[in-house]
S.K.: 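Supplied in structure tokens, the structure appears directly below.
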Amino acid sequence: MIIKNVRAYYAAGSGPEVKAVDGVSLAIREGDVLGIAGESGCGKSTLAAVMSLTARPPLNVKGGEMSLNGKTFSLVEQAKFPRDWHGKMVALLPQRAMNSLNPTARVRDFVVDVVRAHDSTVRPRAAIEQARERLEQLSLPARVLESYPHQLSGGMRQRVVAVISTLLNPQVLIADEPTSALDVSSQKQLVLLLKLLLECRFITRIVYITHDLPMLSNIANFIIVMYAGKVAEIGTTQQIVNEPRHPYTHALITSTLDPDLRVREHQLEGIRGAPPDLRYPPTGCRFHPRCPRVMEICSREEPPIVGEEERYAACWWVFEQSKTAGGKEAQS
Ligand code: ADP
Ligand code: MG
């Protein structure tokens, strides 16, 4: 899957639009787990909505295209996407998935809804049988089909929703902070389940979104760091975690390694403030007001892309560093 130059803004009454995603491109190969990291308010869920074809007003897609399985569509006209892409090509696993479920319906009713939304000729009994088989293949108890949401633990609910939302074998599963409401052991179980879905080839790619960057080393092989609606840095998990280049990535890693949860959730190590109000994004590099490496040019001009398609940082400081490093190499 490739998405190119996605721009998605929220309409905000008579005021300026919220530029929540502003020129994001990315590629995910078959078998990949792509991690997307960034603080709260950086546009991750907005990007998830666009990629899962679930963007609805006030969120408006202003630009960008998506390619998958040899087909390319403009994301601006989501209505023109083939109907069955949603769920069959791309599926979304939201943060508290089961909360959106009707509490008076059993899990089996949810299964029937999901399957029949795509193929109304499937008999309810066949849909339930399909789910039973899938649960067993994944070593989950098939009796959950008879349960009501409140009868399952939070962790089991999230696992069950993950299984059901991938029943149609979507090409891409987009998991938006899927474990943030779970305890540590349920988090691990969900991550294991997602990996198993990939190994069994029920899905072929995962986009895993989190504010907890170090956590991604458990699941992702590629990582994109987002700041204020843009890509700050991209690389393999090894590169991002062990050799971060962008000052924002540095800060994100240092602060999320802090054992104090309040620090992890609310501030970046040595960097004050919060992501900007995206109605009025800072000029030049959007990170410049908080950046410990800020230079004069950073507030004036958009940062250059330093590196290659699969390994780059968008940063003036990294650009300067690369010139010095290049110069030294040339001299020796
Ligand atoms: P993240 O998932 O990284 O926390 P979001 O995609 O939820 O970020 O939000 C990105 C930006 O869009 C934030 O500035 C947020 O305040 C804004 N935003 C989110 N939802 C809406 C909405 N419905 N209307 C206006 N602005 C919104
Ligand atoms: Mg979010």
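Bear in mind the structure is a predicted one, so any value in this text is a computation, not a measurement. Counting from 1, the numbers follow the sequence of the chain as shown. Whatever order the structure lists them in is the order used to number ligands and atoms, beginning at 1.
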S.K.: Excluding sequence neighbours, so at least two apart, what forms ring pair (Phe, Tyr, Trp, His ring centres under 6.0 Å) with Trp317?
M.R.: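 Here no residue qualifies.
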S.K.: With a 4.0 Å cut-off, would you call Arg300 and Glu296 a salt bridge?
M.R.: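 Yes, Arg300 and Glu296 are salt-bridged.
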S.K.: Could you pull out the N/O contacts under 3.5 angstrom between ligand 1 and the surrounding protein atoms?
M.R.:
residue  : atom  : partner : partner atom : Å
ligand 1 : 2 (O) : Ser45   : N            : 2.8
ligand 1 : 2 (O) : Ser45   : OG           : 2.9
ligand 1 : 3 (O) : Cys42   : N            : 3.1
ligand 1 : 3 (O) : Gly43   : N            : 3.1
ligand 1 : 3 (O) : Lys44   : N            : 2.9
ligand 1 : 3 (O) : Lys44   : NZ           : 2.8
ligand 1 : 4 (O) : Gly41   : N            : 2.6
ligand 1 : 6 (O) : Ser45   : N            : 3.4
ligand 1 : 6 (O) : Thr46   : N            : 2.9
ligand 1 : 6 (O) : Thr46   : OG1          : 2.4
ligand 1 : 8 (O) : Gly43   : N            : 3.1

S.K.: Who clusters with Ile2? Use side-chain heavy atoms, under 4.5 angstrom, across I, L, V, M, F, W and Y, and order the result by chain and number.
M.R.: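 Reading the cluster by chain and number, Ile2 sits alone, since nothing else belongs.
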S.K.: Apply the side chain to side chain donor-acceptor pair (under 3.5 Å) test between Tyr248 and each candidate in Arg290, Glu39, Glu233; give the one that qualifies.
M.R.: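 In the set Arg290, Glu39, Glu233, the residue that makes a side chain to side chain donor-acceptor pair (under 3.5 Å) with Tyr248 is Glu39.
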S.K.: Run Arg201 and Glu30 through salt bridge (Lys or Arg N to Asp or Glu O under 4.0 Å) and show every step you take.
M.R.: CA-CA 10 Å; Arg201 301 192 64 81; Glu30 239 181 277; 2.9 Å; yes
S.K.: Give me the number of protein N, O or S atoms whose distance to the Mg ion (ligand 2) is under 2.8 Å.
M.R.: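 Number of qualifying protein atoms: 1.
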S.K.: In the structure I gave you, are the side-chain heavy atoms of Val144 and Met156 within less than 4.5 Å of one another anywhere?
M.R.: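 In short, these two side chains touch, coming nearer than 4.5 Å.
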S.K.: I'd like to know if Glu320 and Arg293 make a salt bridge, using a cut-off of under 4.0 Å between side-chain N and carboxylate O.
M.R.: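 No, this pair does not count.
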S.K.: Is the shortest distance from a Lys or Arg side-chain nitrogen in Glu129 or Arg132 to a carboxylate oxygen in the other one below 4.0 Å?
M.R.: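 A salt bridge links Glu129 with Arg132.
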S.K.: When you look at CZ of Arg279, are more than 12 heavy atoms from neighbouring residues, nucleotides or ligands closer to it than 6.0 Å?
M.R.: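 No, CZ of Arg279 has 12 or fewer neighbouring heavy atoms, counting only those of other groups under 6.0 Å.
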